[in-house]
Each structure stands twice: as structure tokens, then as C-alpha cells.
Amino acid sequence: ARLASGDAAAARALARTLTPDLPEAALVELLCDLAEGRSSDLTVELEPDEADRALRPMVAGLAASAIPAVRAALWQGAPELVQLFPWLPAALAPRG
């Protein structure tokens, strides 16, 4: 919800707090990097299929509820992750 409203700093801080106990939270930090146009060098302690399963509902939620500026930034950054998540650009593509 924090990232969806445009508060990437708060979302990142929460993700970093949760990641030791919930590795999927590192994916929120990855999304924050995308939303801010940053390159990400995160290490996610998940197998590729686990990361994929965890990221899909996060992206679906952001695509449905994020403010337009966040959605646009995520969509612009999505090609950087296409090797890992080939479905990501389509999931974040502008609708309408």
C-alpha cells in the first residue's frame, strides 16, 4: 500500500525490516527500485519459481491500485527484469 501511494521510502524500509523473516519482502524493495528508476542489485533468498509466485500478486495489486505515476514508473522499469520475469511488462502495461 505504501508503494502504491507513492511512498517508496517507507515501503523499502518496511521490506528491509521484514525480509529476514519473510524473504518475499525483498521483492517489494525490488519494486521500489523500479518505481524510482534505480538499478537493483538485490539478492533475493528465493528460488526463481518462488520469486515468480510471490511477485505476481504484488504486481497485480500495484497494477490495480497504484497511483498513475507509480504504475508508469514500474512499467518503464519492467524491461530491466524481463530476463527473470518475462511476464512483468505485460502485467504493468497501461490499460485503457
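For this chain, numbers begin at 1 and follow the sequence in order. Only a predicted model underlies this, so the values are computations on that prediction, with no experimental measurement involved.
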Which Ile, Leu, Val, Met, Phe, Trp or Tyr residues join Leu18 in one cluster when any pair of side-chain heavy atoms under 4.5 Å counts as a link? Leu14
For a quick test of reading the model, state the closest non-hydrogen atom pair linking Val28 to Ala15 and the distance between them. CB-CB, 3.9 Å
Compare every heavy atom of Ala8 with every heavy atom of Glu36, then report the nearest pair and how far apart it is. OE2-CB, 3.3 Å
Just list the side-chain donor-acceptor pairs under 3.5 Å for residues 61-79, sequence neighbours left out, or say none.
residue : atom : partner : partner atom : Å
Ser65   : OG   : Gly61   : O            : 2.7
Arg71   : NH1  : Ala66   : O            : 2.3

Which pair of non-hydrogen atoms, one from Ala35 and one from Leu3, has the smallest distance, and what is that distance? CB-CD1, 3.9 Å
Minimal heavy-atom distance between Ser40 and Leu30, with the atoms involved, is OG-CD1, 3.5 Å
Looking only at non-hydrogen atoms, find the nearest pair between Ala26 and Thr19 and report the distance. N-OG1, 3.2 Å
With rounding to the nearest 0.5 angstrom, report the CG to CZ distance, Leu42 to Arg16. 7.5 Å
Would Val82 end up clustered with Leu88 when hydrophobic side chains under 4.5 Å apart are linked, directly or stepwise? no
Looking at side-chain heavy atoms only, is the closest gap between Val44 and Glu29 below 4.5 Å? no
Nearest-0.5 Å distance that lies between atom CZ in Arg12 and atom CZ in Arg2: 13.5 Å
Enter the distance from Leu31:CG to Met58:CE here, rounded to the nearest 0.5 Å. 7.0 Å
Across all chains, not counting sequence neighbours, the side chain to side chain donor-acceptor pair (under 3.5 Å) partners of Asp52 are Arg56, Trp87
